[in-house]
Amino acid sequence: AEHSAMRLRYPLAAPMALLFLAAAVLHAVLLPTANAYYLPGTYPVEYRKGSSITVEVNSLVSSDTEIPFDYYSMPFCKPKEGVKKSSGSINPGTIMLGMRIENSPYVLRMMEEEYAKSACRGKEYATGAYPALSKTEAKELKEKIREEYRVRMILDNLPITTYDLEMQPDSVRPGFEVGSYDKDSNKYYVNNHLMFKVLVHESNGQYARLRQRDFIDLEGVRRRLLADDADGGDGDEDGASYMVVGFEVVACSIRREPSQKAKYEGVTCGDEGIKPQEVKEGAEIAYTYDVYWETSDITWASRWDAYMKMPGGRVHWFSIMNSLMVVVVMSCIVAMIMMRTIRRDLQKYEQLLVDGNPQTDMADESGWKMVSGDVFRAPAGSHSLAMHIGSGVQILASGTVTLVFATFGFLSPASRGSLLTAALILYLLMSVVAGYAAVWIWGAINRSQDGWQTVCWRTACFFPGVTVTVMSLLNLILHATGSSGSIPLGFFFSVLFLWLIISIPLAFVGGALASRREVRPFPTRTNQIPRHIPAPHWASHPAVLLLAAGSLPFGTIFVELYFAMTSIWQGYFYYMFGFLFLVSFLTIVITIEVSIVCTYVQLCAEDYLWWWRSFQRGGAISLYVFLYSLGFLFNTLHHLSGALPVIIYLGYSLLMVWCLSLAMGTVGFLASYIFTVKIFESVKAD
């Protein structure tokens, strides 16, 4: 009896305990595969003068196609020691985003300037240049130039940019273009010469000395937390050390005669009389680079600030203030409904019961109180409704926790892929909440927990199954193009394996806990014969309420939606998680208030079919977001080349809209459910 009382008093205690247990198991499984290394970019690295730093390359990207390609899929020179992947950057997030970070032939030495240095070294490049281009290589390189692909390089975890970082630009776009196209001559030119400008901040080696004292004991072996690099990075106690705080480039095209020399003599970007390197069959391309160093007042802690800037800071605040005004107005309307209208209806209803002939008087009455015998009638498709609610709760829970971590800076863009990785792991762990919510709603609708296993199974397979199907189709399309954005088969099956051993069992655990809860009775009894629903007034028509319910929440998010979509689809960084958190919170509040008002209007029209409609009205914001996505496609991404990028864009947009529909639909349903139960409890009390 005591255990039963505890379960009723603290119904969420057991699911949360199991959730933490699953997280501990997942951590224990992943820990043995981890090495003792620091996360690049999250701890200062100091270099002595002359220390070598290798530039890394990321996938080629273009806002014209939205299809990434591996850097070395193009005719670029490879490092003489061979291409090696950056192990510290491999995680589920980078894999799903198509990031392939590898080493490059561009090697810099701290505070040592170099000019016209060759990047093509080794036995593979006997002439000091990339061998004569084949017809296929020339064609592919021309396509990438025409589609405005950008090269993304990384130095000490900082992305390269063509912007002047010390001028504090409004926004910074990483990378530089592969080449240029001359319409007059109909010729393509490759940017084969790079002028690197590295901004450094002078230090006294304090971080390096502190690092040398940091050790951990892993698997019985004492290892350094930050291994000292043989080339440098351990500071110079007798002299100055330097930290990289900026990585800029000027890219240009210079035709050079191939040479076996380590350095070329001659011109650089901006010099007069230079001839560009044309891309054509049989051309031998010499890739060269200059290196310049400049001390800067930018500190290591603020070196990412320029990349995180986004224009329109006042617009964000204006959007939030506008949303606050909507919240205040809607709160007043809800308060008026709850405190005045419903109270007046209850008093009138009580007076009818006190009078001598209530049946005759009530026959002329109308309003929400008239549907008390049908308002809790089980809707059609209750299995499906419970499945949708469970999936929405799971998305809401994992999205909220991920956004909170991002808001507090735990998921910095310096840790590439961490945001998507955290979202994936949290979604798997939140399956216990999905199972619990789905079975709870199922029991409340049907007044019994019988068949809860079927509800759990459908909930565990519904959203992941549809998502995996859509992403598999998109992945096949990407794989056919040879894009690095296609998910490797091994990773694909790894995610499926985690879903089978973590997500599905946790959903059943949550469902089992919910099935042991006592089903609370509804405030009113349900009539055996359904009540006739009169024809609605145009203002209470389901279509009108649906459109109205989505418009106000969309007005809250459309400004932030523009910045988020611009960052995602045009290659900028997005780090406005504080604004995004506030906007998301206000959107949820407005959705709750709008759902309550719309449900009240529907019940006043004597329409008791509120179960599915409250869910649909809550998710109506997704309709506006999808229309906005189409507008964004035709206005901002109108330059997309071919049908394939449009299919990819629409595929991912539909997934985003569907997630939003499930999440906000769940918010709308739960708000309407609680509101309906409360007002009819007041009827029962009176």
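Atom set for the values below is all heavy atoms of this structure, side chains included, hydrogens, waters and symmetry mates excluded.
The side chain to side chain donor-acceptor pair (under 3.5 Å) test applied to T54 returns no partner, not counting sequence neighbours. Under the side chain to side chain donor-acceptor pair (under 3.5 Å) criterion, S86 pairs with E56, not counting sequence neighbours. Applying the ring pair (Phe, Tyr, Trp, His ring centres under 6.0 Å) test to Y307 and every residue at least two apart in sequence or in another chain returns W304. Every residue meeting the side chain to side chain donor-acceptor pair (under 3.5 Å) condition with N186, not counting sequence neighbours, appears here in chain and number order: Y181. Applying the salt bridge (charged side-chain N to carboxylate O under 4.0 Å, His left out) test to E248 and every residue at least two apart in sequence or in another chain returns K197. Scanning for disulfide (SG to SG under 2.5 Å) contacts around C659 gives an empty result, with sequence neighbours left out. Shown here are the ring pair (Phe, Tyr, Trp, His ring centres under 6.0 Å) partners of F408, two or more places apart in sequence or in another chain: there are none. Listed by chain and number, the residues in a side chain to side chain donor-acceptor pair (under 3.5 Å) with D182 are S185 (sequence neighbours excluded). Applying the ring pair (Phe, Tyr, Trp, His ring centres under 6.0 Å) rule to F558 yields no partners; only residues at least two apart in sequence or on another chain are considered.
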Please list, one pair per line, the donor and acceptor atoms closer than 3.5 Å that link side chains of residues 644-658 to other protein atoms, with sequence neighbours excluded.
from : atom 1 : to   : atom 2 : distance (Å)
Y649 : OH     : S629 : O      : 2.7
S653 : OG     : Y649 : O      : 2.7

Taking distance alone, no hydrogens or angles, what donor-acceptor pairs closer than 3.5 Å link side-chain atoms of residues 69-80 to residues at least two apart or in another chain?
from : atom 1 : to   : atom 2 : distance (Å)
D70  : OD2    : Y72  : N      : 2.9
Y72  : OH     : N103 : O      : 2.7
S73  : OG     : D70  : O      : 2.5

Atom pairs and distances, side-chain donor-acceptor, residues 461-480, under 3.5 Å, sequence neighbours left out:
from : atom 1 : to   : atom 2 : distance (Å)
T467 : OG1    : F463 : O      : 2.8
T469 : OG1    : G465 : O      : 2.7
S472 : OG     : V468 : O      : 2.6
N475 : OD1    : I487 : N      : 2.4
N475 : ND2    : I487 : O      : 3.2

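With no hydrogens or angles considered, no side-chain donor-acceptor pair links E284 and Y125 at under 3.5 Å.
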